[in-house]
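Have a look at the structure below, then the notes.
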Amino acid sequence: SLWAGNQIYAMRPISVDDGLSQSHVTAIVQDHMGYVWVGTAVGLNRYDGHLFRTYTHSSEKPGSLSGDGIYSLHIDVKHRLWVGTDQGLDLYEPKTDSFRHFPKVGGPRAPRIRTLDSDSAGNVWASMWARGAGNWVVARLSPETGEIQRFSFSRVVNGEVVALHALDARRVLVVVRKLEASLPGAGLTVVLLNPETGSWVEFSCRNPEAIPSVVGERDVSLAWSGPNWIWIGAPGSHIFRVDLENEELVPTAYAPDPKAGNLPGLVSHVVAGPKGEVWVLPTYSALVRRTGANAIYTLRNDGEPPRRSS
């Protein structure tokens with residue numbers, strides 16, 4: 001169970017015994033019809049609250065998934081489901097219950113789509129490892145026209161994309177894990193793309209020594225809390241604040257405190273609340289809320305009331 005406010009919510013795990021194609025879940029979204037889409041390393045699953053339907057690749061079915069390995073899922077402003085696979089980018093078409101492929105989004109060879117987002121103009125943004133180019137690129141796709149434009153940040157920073165967020169049609173925020181992680185602060189950086197000029201700006205860091213040299217193998221999560229702040233949750237006990245106004249990356253203390261119930265552990269996810277607070281989900285048994293006043297509240301999954309530490 002999970003305590004939230006004055007209520008306790010019962011939680012039931014769902015596994016392969018319930019019809020999930022695999023237990024390694026890589027992405028999850030809910031569409032406007034209420035379906036929950038779950039990506040795994042072996043197929044895409046649609047859950048209606050009772051049963052799963054699994055979608056996989058089949059060479060005999062042109063409308064099947066382009067690949068079984070699901071890296072990312074995204075619902076755009078028109079309620080369309082986009083699927084990033086290990087073999088390219090797909091768009092789910094409900095009328096035919098099939099998938100439309102965009103093989104040219106990554107160049108001459110099928111790319112591995114790592115992250116997905118869309119902007120206010122309806123463009124879809126994808127980060128990928130471009131096998132032909134031998135580096136990471138960010139691509140913009142216009143679903144209506146099919147126009148594709150690719151942007152490489154290799155001249156600015158050498159690394160791989162772990163998160164992407166289209167702030168608007170003119171600004172795309174990309175979180176990069178640097179590959180030369182031998183120096184303090186070399187593990188994580190943020191770059192901002194201006195699609196109109198194709199230019200990149202790498203954000204400065206107030207305290208680079210506080211950034212872990214190795215972020216880990218998993219993606220990071222992003223949460224928007226205000227007009228100029230974005231929070232990053234990274235593997236390890238780390239959260240970061242992206243200051244858009246000053247183009248700065250600010251490491252922020254997660255402050256694990258076992259006495260207050262704030263258990264140490266790997267940060268699994270961050271989510272922004274309606275009042276600007278940030279919820280941090282560690283891999284252990286506590287849900288942590290960080291407020292603007294730097295107070296830490298911990299919600300445990302054992303039905304106990306929230307605990308506070310400062």
Pairs meeting criterion salt bridge (charged side-chain N to carboxylate O under 4.0 Å, His left out) with involvement of residues 73-82, two or more places apart: D76-R80, K78-E144, R80-E144
Verdict with reasoning, F203 to E248, per side-chain contact (heavy atoms from CB on, under 4.5 Å): CA-CA 5 Å; F203 281 22; E248 186 177 34; 5.6 Å; no
Joint hydrophobic cluster, L167 plus F240, side-chain heavy atoms closer than 4.5 Å: yes
Qualifying residues under salt bridge (charged side-chain N to carboxylate O under 4.0 Å, His left out), relative to D243, sequence neighbours excluded: none
For S120, side-chain hydrogen bond (donor to acceptor under 3.5 Å, both in side chains) partners two or more places apart: none
Within one Ile-Leu-Val-Met-Phe-Trp-Tyr cluster: V190 and V201, side-chain cutoff 4.5 Å: no
Gap between atom CG of L89 and atom OG of S66 - 0.5 Å precision: 7.5 Å
Results of salt bridge (charged side-chain N to carboxylate O under 4.0 Å, His left out) for D17 - residues two or more places apart only: none
Contacts of type salt bridge (charged side-chain N to carboxylate O under 4.0 Å, His left out), residue E247, not counting sequence neighbours: none
Expected output: side-chain Q22 to main-chain A41 donor-acceptor under 3.5 Å: yes
Distance-minimising heavy-atom pair for S118 and A166: O-CB, 3.8 Å
Co-membership, hydrophobic cluster, residues W82 and I148, 4.5 Å side-chain: yes
Atom pair NZ (K178) and CD (E160), whose distance is rounded to the nearest 0.5 Å: 14.0 Å
Separation of L192 CG from R171 CZ (nearest 0.5 Å): 7.0 Å
L20 side chain near V25 side chain, heavy-atom distance below 4.5 Å: yes
Distance, nearest 0.5 Å, that separates CZ of R177 from OG1 of T189: 13.0 Å
Any donor-acceptor pair under 3.5 Å from H101 side chain to P62 backbone: yes
Worked verdict on F52 versus I14 for side-chain contact (heavy atoms from CB on, under 4.5 Å): CA-CA 10 Å; F52 278 102; I14 297 175; 3.3 Å; yes
From CA spacing to verdict: side-chain contact (heavy atoms from CB on, under 4.5 Å), F151, V174: CA-CA 12 Å; F151 306 87; V174 181; over 6 Å; no
Student check: side-chain heavy atoms of I232 and L249 closer than 4.5 Å: yes
Pairwise distance CG(L116) to CE(M128) - rounded to 0.5 angstrom: 8.5 Å
Minimum-distance pair of heavy atoms, taken over all atoms of K104 and R150: O-NH1, 2.9 Å
Under the side-chain hydrogen bond (donor to acceptor under 3.5 Å, both in side chains) test, residues paired with S15 that sit two or more places apart: none
Co-members of the apolar cluster containing V16 [side chain, <4.5 Å]: none
For N228, side-chain hydrogen bond (donor to acceptor under 3.5 Å, both in side chains) partners two or more places apart: none
Minimum heavy-atom distance L164-A126, with the two atoms named: CD1-C, 4.3 Å
Interatomic distance, D117 atom CG to W125 atom CH2 [nearest 0.5 angstrom]: 10.0 Å
Connected hydrophobic set around I70, excluding itself, where side chains approach under 4.5 Å: V29, M33, Y35, W37, L44, Y55, L65, L73, I75, L81, V83, Y92, F99
All pairs passing salt bridge (charged side-chain N to carboxylate O under 4.0 Å, His left out) where residues 88-101 contributes a residue, at least two apart: R53-D97
Where L244 and I230 come nearest, the two heavy atoms and their spacing: CD1-CD1, 4.3 Å
Main-chain N/O of V38 paired to N45 side chain as donor or acceptor, under 3.5 Å: yes
Qualifying residues under ring-ring contact (aromatic ring centres under 6.0 Å, His included), relative to W200, sequence neighbours excluded: F153
Side-chain (T115) to main-chain (A163) donor-acceptor, under 3.5 angstrom: no
Contact summary for P195 and A169, nearest pair of heavy atoms: CG-O, 3.7 Å
Side chains of V105 and I113 in contact at under 4.5 Å (non-hydrogen atoms): yes
Pairing residues for D68 by the side-chain contact (heavy atoms from CB on, under 4.5 Å) criterion, not counting sequence neighbours: T56, H57
Side-chain (T26) to main-chain (G39) donor-acceptor, under 3.5 angstrom: yes
For T40 against G43, the heavy-atom pair lying closest together: OG1-O, 2.9 Å
